[in-house]
> 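Structure in structure tokens, see below.
What you see below is based on every heavy atom in this structure, not just the backbone, and it leaves out hydrogens, waters and symmetry mates. Chain letters run A, B, ... following the sequence lines, proteins first, then strands; residues in each count from 1.
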Amino acid sequence: MRWSRMFIPTLKDSPSDAENISHKLMLKGGYIRQLFAGAYSFLPLAQRSLLKITSIVREEMNRIGAQEILMPALNPIEIWDKTGRNDVMGDEMFRLKDRKERLLCLAPTHEEVVATIAAGEIRSYRELPQVWYQIQTKFRDEPRPRSGILRVREFLMKDSYTLAATEEQLDISYNRHAEAYKRILKRCGLDFIVVGASTGTMGGTASQEFMVLSDAGEDEVVFCPNCKYAANVEVAESILPEYSWQPMEKEEVYTPAKKSIEEVSEFLRIPPEQLVKSLVMVVDEKEFVMALVRGDRKLCEEKLKLHLGASNIRPAQDKEIEEALGVPAGFLGPYKMKKKIRIIADDGIEKDMPFATGANRVDYHIKGLRLSEIDGIEFADIREAETGDTCTRCGKRLKRIPTIEIGHIFKLGTKYSKALGANFLDENGESKPIIMGSYGIGIGRILAAAMELFADEAGTALPISIAPFEVIITPLNVTNPLILETAEKIYKELLEKNVDLIIDDRDIRAGSKFKDAELIGIPLRITVGEKSLASGKVEIFIRRDKKKIEVPKEKATDELLKLREEMFKELTP
RNA sequence: CGGGGUGUAGCGCAGAUGGUAGCGCGUGCGGUUCGGGACCGCAAGGUCAUGGGUUCGAAUCCCAUCACCCCGACCA
């Protein structure tokens with residue numbers, strides 16, 4: 001490929017819209033352009049990378065015996081009604097009507113379609129297990145698209161679905177996917193951790209996420225450096241560090257306009273650890289629940305949701321709280337409540353610790369209350385684990401870190417097959433619902449994560465397996481025939497060896513060529529210029545470690561092939 | 001949806017107190033340069049997000065709308 005003929009609109013300044021590193025780099029490097037919020041065009045460089053990623057994904061999926069299919073993105077709403085997910089998905093699903101006013105949606109995922117196919121075709125246990133996958137554009141009307149390509153409304157995903165007759169078959173498919181995902185990420189040059197996760201709106205019995213450590217990530221993972229326990233904060237367990245509380249008289253205290261934990265803590269001179277937050281949540285849009293969490297802790301909504309068996313919870317608005325409890329937010333507590341609602345206390349709060357919390361009276365808090373003296377409270381782990389908490393497995397300190405979620409695998413069970421009538425006859429002629437699994441991996445996120453992970457001042461250094469080109473040849477002055485001929489000769493030799501490369505044949509200054517090549521992240525560069533050529537040499541530049549090697553021009557091709565080989569070897573699982 | 005911010009040339013920005021739009025980069029042409037985003041000359045490029053209002057006069061003041069970005073609740 002010749003740079004002069006390629007569409008690579010690099011920029012000197014990144015557009016001010018871009019905030020995080022991969023987003024800036026992709027815009028600057030001419031990889032992507034935004035069409036509107038949450039939708040990007042992939043320009044030639046990005047598309048080349050994405051094609052390489054998808055072919056790695058294909059190879060690994062095929063390797064575990066998965067069969068590639070392709071399902072419609074356009075779905076009739078009925079199948080989503082049958083599983084109840086038309087409601088569960090809420091505004092996240094794009095909905096539209098056809099010319100006959102029939103309700104359709106753009107599928108955010110494909111369990112419903114898979115179960116529909118299975119319901120129509122699978123009859124016997126002899127036809128199971130099945131493992132199907134597709135690489136397809138998904139649509140999700142994200143409440144807030146952000147971070148460039150990391151969180152968008154239209155994105156490429158590899159999603160697979162397994163159909164099993166038995167739990168054992170499901171386990172095998174699930175484990176094979178985990179293995180395939182590890183191989184995929186390794187081949188794409190990404191370091192990752194596998195963590196226990198919440199099944200969220202998918203439902204199901206077990207799930208794990210494949211996370212890349214990155215500050216750009218939107219997820220957080222709690223992990224133990226000692227025993228390797230790792231879990232999404234949504235589900236991570238921990239033990240609170242010891243806290244020696246102070247004794248406290250029981251009394252109502254006047255706390256004018258002191259609402260937040262900080263304000264109350266400061267005003268009453270009580271540390272946040274000895275305050276209790278009373279958070280009112282709306283459960284499935286019908287019931288109010290009060291959640292009690294220690295003042296220095298965050299409520300983990302996902303854990304609470306799980307405990308309640310709810311499908312949706314949200315913080316109540318101030319107006320709702322006042323209507324339901326007769327007290328404004330800020331002075332709420334499990335004390336002299338005007339109206340009884342369900343109370344769930346975090347089990348990390350010591351039952352005999354006296355604490356301060358709202359007195360359910362405007363401008364008043366109650367001091368010296370203890371959970372042990374309140375009737376009808378439920379206890380559950382509903383707090384978020386934090387750095388410094390104790391690991392429940394080995395007793396060492398936990399760490400909490402931001403991550404990018406690249407892949408997620410689920411054991412779904414029979415939720416979808418039951419809803420859509422996907423049954424089979426077992427050995428005994430008994431009809432049973434098919435046991436499903438579902439597995440996703442974000443193609444674009446792999447690229448974004450790699451950009452992010454290997455970024456430096458000059459740009460990025462993509463892994464050779466997914467870089468848009470493996471090698472760039474940079475003749476520094478194309479008006480010098482000797483330089484150009486030498487570069488062209490090496491270019492031809494490498495082409496014959498099936499190296500994926502580009503020659504920067506533009507008639508521009510050397511500096512610009514260097515900047516561009518380093519920006520877009522090509523892992524290997526051959527520089528052909530007067531300086532080295534005077535002694536019959538060319539220079540090989542290794543982008544990742546910024547190392548330069550001079551080699552005789554006749555040996556350039558062989559030397560480069562060797563380096564390329566080594567780079568690929570490093571990425572071999 | 002709540003909170004914050006920004007919309008002026010392809011990109012990055014400037015345009016006090018209202019007086020008819022500018023800088024840097026980039027782009028085109030000519031020339032000198034050519035191993036780390038060169039220099040000189042010439043030139044093109046703008047419904048100042050949109051709609052309404054105030055005013056003799058609005059990029060600037062007022063109202064509304066829209067878009068995009070950031071922080072929170074959801075996900076590959």
> Checking all strands, does A:Lys298 fall into the base, sugar-phosphate, or nothing category for heavy-atom contacts under 4.0 angstrom?
nothing
> Tell me, please, whether A:Phe454 has A:Arg544 positioned over its six-membered ring: NZ or CZ under 6.0 Å from the ring centre and within 45 degrees of its axis?
yes
> Within the structure shown, what part of the strands sits under 4.0 Å from A:Ser147 by heavy-atom distance: base, sugar-phosphate, or nothing?
sugar-phosphate
> Please state how far atom CG in A:Asp141 lies from atom P in B:rC75, giving the value in whole angstrom units.
14 Å
> Could you work out which one of B:rG12, B:rC74, B:rG35 sits closest to the side chain of A:Glu539?
B:rG35
> For the base of B:rG12, is there a side-chain donor-acceptor partner from A:Ser14 under 3.5 Å away?
no
> Measure from NE2 on A:His408 to P on B:rC74 and round the result to the nearest Å.
14 Å
> C1' atom, B:rC23 versus B:rU8: distance in rounded Å?
13 Å
> Between atom CD1 in A:Ile404 and atom P in B:rC74, what is the gap in whole Å?
19 Å
> Identify whether any heavy atom of A:Glu405 sits under 4.0 Å from a base atom; if not, whether one sits that close to sugar-phosphate; answer base, sugar-phosphate or nothing.
base
> If the C1' atom of B:rA43 is compared with that of B:rG4, how far apart are they to the nearest Å?
43 Å
> Under 4.0 Å: is that the gap between some side-chain N or O of A:Lys12 and OP1 or OP2 of B:rG26?
yes
> Side chain of A:Lys515: nearest nucleotide among B:rC74, B:rG37, B:rG24?
B:rG37
> So do A:Ile409 and A:Tyr174 actually touch side chain to side chain, heavy atoms under 4.5 Å?
yes
> In the structure I gave you, are the side-chain heavy atoms of A:Leu163 and A:Trp132 within less than 4.5 Å of one another anywhere?
yes
> I want to verify a distance call: between B:rC68, B:rA73, B:rG24, whose nearest atom is closest to the A:Glu301 side chain?
B:rA73
> Looking for any heavy atom pair under 4.0 Å, which part of the strands does A:Ile406 touch: base, sugar-phosphate only, or nothing?
sugar-phosphate
> Please state how far atom CG in A:Asp504 lies from atom P in B:rC34, giving the value in whole angstrom units.
19 Å
> With rounding to whole Å, what would you report as the distance between B:rC13 and B:rA21 at their C1' atoms?
14 Å
> Who does B:rU55 pair with, Watson-Crick or G-U, both distances under 3.5 Å?
none
> Describe the nucleic acid contact of A:Glu518 in one word from base, sugar-phosphate, nothing, applying a heavy-atom distance below 4.0 Å.
base
> Once you apply the 3.5 Å cut-off to both distances, tell me the Watson-Crick or G-U wobble partner of B:rG45, or none.
none
> What is the distance, rounded to the nearest whole Å, between atom CZ of A:Arg506 and atom C1' of B:rG26?
13 Å
> If I take atom CD1 in residue A:Ile473 and atom P in nucleotide B:rG35, what distance separates them, rounded to the nearest angstrom?
19 Å
> Classify A:Glu142 by what it touches in the nucleic acid, base, sugar-phosphate, or nothing, heavy-atom distance under 4.0 Å.
base
> Tell me what A:Phe36 touches on the nucleic acid: a base, only sugar-phosphate, or nothing, going by heavy atoms under 4.0 Å.
sugar-phosphate
> Return the pairing partner of B:rU17 with a 3.5 Å limit on both distances, Watson-Crick or G-U wobble; otherwise return none.
none
> Of the options B:rC75, B:rC68, B:rC70, whose atoms approach the side-chain atoms of A:Arg146 most closely?
B:rC70
> In the strands shown, is B:rC39 matched to any nucleotide by a Watson-Crick or G-U wobble pair with both distances under 3.5 Å, and which?
B:rG31
> Quick one: is A:Ser16 getting a side-chain N or O under 4.0 Å of the B:rG12 phosphate, OP1 or OP2?
yes
> Can you tell me how far C1' in B:rU55 sits from the matching atom in B:rA59, rounded to whole Å?
16 Å
> Does the structure show a Watson-Crick or G-U wobble partner for B:rG2, both distances under 3.5 Å? Name it, or say none.
B:rC71
> Does A:Pro143 reach a base, just sugar-phosphate, or nothing at all? Heavy atoms under 4.0 Å.
base
> Please give, in whole Å, the distance from B:rG36 C1' to A:Phe514 CZ?
6 Å
> Looking for any heavy atom pair under 4.0 Å, which part of the strands does A:Asp516 touch: base, sugar-phosphate only, or nothing?
base
> Check this for me, if you would: do A:Glu60 and A:Lys182 make a salt bridge, where the nitrogen-to-carboxylate-oxygen distance has to be below 4.0 angstrom?
no
> Could you tell me how far apart A:Lys24 (NZ) and B:rG12 (P) are, to the nearest whole angstrom?
12 Å
> Across the strands shown, which category fits A:Arg509 at heavy-atom distances under 4.0 angstrom: base, sugar-phosphate, nothing?
base
> Go through B:rC74, B:rG37, B:rG24 for me and flag the one nearest to the A:Glu302 side chain.
B:rC74
> Please figure out whether A:Arg525 or A:Arg144 has its closest RNA chain B nucleotide nearer the 5' end.
A:Arg525
> For A:Gly440, which contact category applies under a 4.0 Å heavy-atom criterion: base, sugar-phosphate, or nothing?
sugar-phosphate
> Is there a Watson-Crick or G-U wobble partner for B:rU50 with both distances under 3.5 Å, and if so, which one is it?
B:rA64
> When you compare B:rC61 with B:rA44, how far apart are their P atoms, in angstrom units rounded to a whole number?
31 Å
> Which is more 5' along RNA chain B, the nucleotide nearest A:Ala37 or the one nearest A:Ile313? Just name the residue.
A:Ala37
> So A:Val152, base contact, sugar-phosphate only, or nothing? Heavy-atom distance under 4.0 Å.
base
> Considering only atom P, compute the distance from B:rA64 to B:rG5 and round it to an integer number of Å.
16 Å
> Ring centres of A:Phe210 and A:His177 under 6.0 Å apart?
no
> Between B:rG45 and B:rG28, how far apart are the P atoms? Round to whole Å, please.
16 Å
> Pick base, sugar-phosphate or nothing for A:Asp219, based on heavy-atom distances below 4.0 Å to the nucleic acid.
base
> If the test is side-chain contact (heavy atoms from CB on, under 4.5 Å), which one of A:Leu74, A:Ile77, A:Asn86 qualifies with A:Cys105?
A:Ile77
> Going by atom types only, do A:Glu111 and A:Ser438 share a side-chain donor-acceptor pair under 3.5 Å?
yes
> In plain terms, say whether A:Glu518 and A:Lys546 are close enough for a salt bridge, that is, a side-chain N and a carboxylate O under 4.0 Å apart.
no
> Taking the same atom, P, in B:rU20 and in B:rC25, what whole-Å distance lies between them?
26 Å
> In this structure, are over 12 heavy atoms from other groups packed under 6.0 Å from A:Asp81 atom CG?
yes
> In the strands shown, is B:rG26 matched to any nucleotide by a Watson-Crick or G-U wobble pair with both distances under 3.5 Å, and which?
none
